[in-house]
Amino acid sequence: MNGFAFLVGGVLPYFAVLVFVLGMSYRLRVWYRTPQPAKLKLYGPSETTTARAVLAEALFFPSLFKGDRALWAMSWFFHATLALVFVGHFRVVTGVIDHSLLSLGMSERAIGQMSAGAGGGAGIVLVVTGLLLLGRRLTTPRVREVSGLPDFFALLLLLAIFATGDLMRLGAHVDLAETRRWAASLLVFSPVVPEHGLFLVHAGLALVLFMYIPFSKILHLGGIFFTQALVKRS
Ligand code: HEM
């Protein structure tokens, strides 16, 4: 195994998990320790209503829809497609979804075709919506004013991950069985790393993203449940 492959595929995954777990523990501690306004029990919404409203906010972004339709469309499609891509990665790494579809009577060929269509389409939608979100930050004066280096870094990092993923999907094919073997080998602390250049760049960038999440605004993914619970409850 060459040195780059060993570092990216054999060392970085463990380091990234460590940074992520420590970073998240710190962030959760800060959130839980932040004083919250008193709960409005008598006339305020019940806990169930609050939970439902927070879930709806996290899934469909209704407040954003009311405020800015164009931004809502870009953001919602961006996040929904990202969720689809994560399902696809879960399929590649575990093989669980394939087993279920095969047992439901779907052929391997049909599964492959469905994955190629959904994955290929999703990858393109992500690049397009990501570029639109980046363009909005650069060209809308009001948005540009409140955009800092971290906002651009997060978007560019995501775009680099999407682009390398798309290149693998659409051209420089990687053996998915090797990817699965790699993931399994990490679990038993005996990494067997695929020596595919683009795969290593894609996975390396994804692990950088993973480490960056606890310290960045990408954590709105979890923060929304804390902040929206406060907003909907008061
Ligand atoms: C270490 C983690 C990751 C690994 C090992 C990995 C691996 C892969 C592989 C092997 C492919 C090609 C699939 C194919 O040809 O069928 C791919 C595609 C892709 N990846 Fe990743 N990936 C990782 C993380 C991520 C993350 C975090 C994102 C997004 C933020 C992402 C976004 C994409 C996209 C958009 C594609 C193209 C569309 C698709 O095939 O779904 N990947 N990835």
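Sequence positions, counted from 1, serve as the residue numbers for this chain. Read the numbers this way: they start at 1 and go in the same order the structure lists the ligands and their atoms.
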Query raised in the report: How far apart are the C-alpha atoms of Phe210 and Val19, what are their side-chain angles, what is the distance that settles it, and do they pass the side chain to side chain contact (heavy atoms under 4.5 Å, CB included) test?
Result: CA-CA 9 Å; Phe210 197 51; Val19 173; over 6 Å; no

Query raised in the report: Going through the checks in order, is the side chain to side chain contact (heavy atoms under 4.5 Å, CB included) test met by Val193 and Val8?
Result: CA-CA 9 Å; Val193 186; Val8 173; over 6 Å; no

Report task. Would you please test Phe162 and Val125 for side chain to side chain contact (heavy atoms under 4.5 Å, CB included) and show each step? Result -> CA-CA 10 Å; Phe162 301 156; Val125 170; over 6 Å; no

Query - Criterion side chain to side chain contact (heavy atoms under 4.5 Å, CB included) on Ser115 and Arg169, from CA distance to verdict - result: CA-CA 10 Å; Ser115 150; Arg169 163 73 74 175; 3.4 Å; yes

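Counting protein heavy atoms only, atom 38 (C) of ligand 1 is closest to Gly119 O, 3.2 Å. Of the protein's heavy atoms, Ala206 CB, 3.8 Å lies nearest to atom 2 (C) of ligand 1. Protein heavy atom at the shortest distance from atom 34 (C) of ligand 1 is Val85 CG1, 4.0 Å. Closest to atom 11 (C) of ligand 1 among all protein heavy atoms lies Met168 CE, 3.6 Å. Nearest protein heavy-atom neighbour of atom 6 (C) of ligand 1: His202 CD2, 3.3 Å. Scanning the protein heavy atoms around atom 36 (C) of ligand 1, the nearest turns out to be Gly165 CA, 3.6 Å. At the top of the distance list for atom 31 (C) of ligand 1, counting protein heavy atoms only, stands Ile161 CG2, 3.5 Å.
Using a 30° and 60° split on the angle between ring planes, Phe86 and His89 fall in the perpendicular class, above 60°. Relative ring orientation between Trp76 and Phe60 is described as parallel, the plane-to-plane angle staying below 30° on a 0-90° scale split at 30° and 60°. Ring geometry, Phe199 versus Trp182: the interplanar angle exceeds 60°, so the pair is classed perpendicular (tilted spans 30 to 60°). The aromatic rings of Tyr14 and Phe189 lie parallel to each other, their planes meeting at an angle below 30°, with 60° marking the opposite boundary.
Pro191 approaches Gly9 most closely through the heavy-atom pair CB-O, 4.2 Å.
In this structure, Leu158 is part of the shell of residues with a heavy atom less than 4.0 angstrom from ligand 1.
Residue Val174 approaches ligand 1 through these ligand atoms, each under 4.0 Å from one of its heavy atoms: 10 (C). Heavy-atom contacts of Phe86 reach the following atoms of ligand 1: 27 (C) (cutoff under 4.0 Å). Per-residue contacts place Phe199 under 4.0 angstrom from the following atoms of ligand 1 (heavy atoms of the residue considered): 5 (C). Ligand 1 places these atoms under 4.0 Å from at least one heavy atom of Arg169: 14 (C), 15 (O), 16 (O), 39 (C), 40 (O), 41 (O).
An N or O contact shorter than 3.5 Å is missing between Trp182 and ligand 1 by distance. Between His89 and ligand 1, at least one N/O pair is under 3.5 Å apart. Ligand 1 has no N or O atom lying under 3.5 Å from any N or O atom of His173, backbone or side chain.
A cation-pi arrangement, defined by a distance under 6.0 Å to the six-membered ring centre and an angle within 45 degrees of its axis, is present between Arg69 and Phe65.
At a heavy-atom cutoff of 4.0 Å, ligand 1 is contacted by both the backbone and the side chain of Asp166. Of the heavy atoms in Leu176, only side-chain atoms (C-beta onward) come closer than 4.0 Å to ligand 1.
Residues Leu71 and Leu134 share a hydrophobic cluster, clusters being chains of Ile/Leu/Val/Met/Phe/Trp/Tyr side chains in contact below 4.5 Å.
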